[in-house]
Amino acid sequence: MNRILIVEDEPRIVSFLKKGLQANGFATGTATNAKEAISMVQTHQFDLMLLDLGLADEKDGFTVLEELRGQGEQIPIIILTARDEVGDKVQGFDLGANDYVTKPFRFEELLARVRVRIREYNSSSKQSSNQYEKILSFNNIVLDLSTRKAKVGSEHVELSAREFLLAETFFRHPGQVMSREQLLDRVWGYDYDPGSNIVDVYVGYLRKKLGSKLIETVRGMGYRLRTNSK
Ligand code: CA
């Protein structure tokens, strides 16, 4: 599921975007000010940002762009604003925006642009980084990311789409403690009910299918892929 961060201080627009994007199969997160927007990109995994220019704090959308690009952050960013001055557009592109849409806008058009930017981003990261390699392995377990199939030794193991995504998340962060919140966020989408015990249930499934000692419970913190077999 692709995840979109909506950075916008106008509740009506946030709710409109959220509904529309979710109805089209995207997960969404929201931030109303620059500080929050930057920290959400740093702490959560998003595939695209919709960025308003006039925000709830003294910093504006240009600051968000500048700071994120300054940190080398590559996430596609579409500026979504009522400002239609050429100067603003130029500044936006200069600071590293990928696209610029002015309000009022047609949702269908925005959606089309969102899809194009995400597609471009995914195909460029596939070529340039090993974050998207085809195989992830750990001990005797192999996850094939192109076929979404798992193997333990030479045995094929059936994993559901969620189980696979959860396993993939652990395999990408061996030894690192992942909180329930992080796992919910990455596997089920940002808006999932944080009170749910679905993470624990799915960790149980993975232990059954991939090995009981594979994922360690870290009390009060979450789970981690066990890198030393004690
Ligand atoms: Ca605004």
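Note that the structure is a prediction, hence the values are computed from the model and not measured. This chain uses plain numbering: 1 for the first residue, then up along the sequence. Numbering of ligands and ligand atoms starts at 1, following listing order.
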**Item:** Under 3.5 Å: donor-acceptor pair, side chain of Asp200, backbone of Val203
**Value:** no
**Prompt:** Are any side-chain N or O atoms of Glu85 and backbone N or O atoms of Gly87, one a donor and one an acceptor, separated by less than 3.5 Å?
**Reply:** no
**Separation between CG of Asn98 and CG of Leu48, rounded to the nearest 0.5 Å** = 7.5 Å
**Item:** Asp9, N/O/S atom nearest the Ca ion (ligand 1)
**Value:** OD1
**Message:** Can you tell me which N/O/S atom of Asp52 has the shortest distance to the Ca ion (ligand 1)?
**Reply:** OD2
**Request:** Output the distance between atom CZ (Arg148) and atom CG (Leu143), rounded to the nearest 0.5 Å.
**Result:** 8.5 Å
**Message:** Looking at the Ca ion (ligand 1), is there an N, O or S atom belonging to Leu55 that lies under 3.0 Å away from it?
**Reply:** no
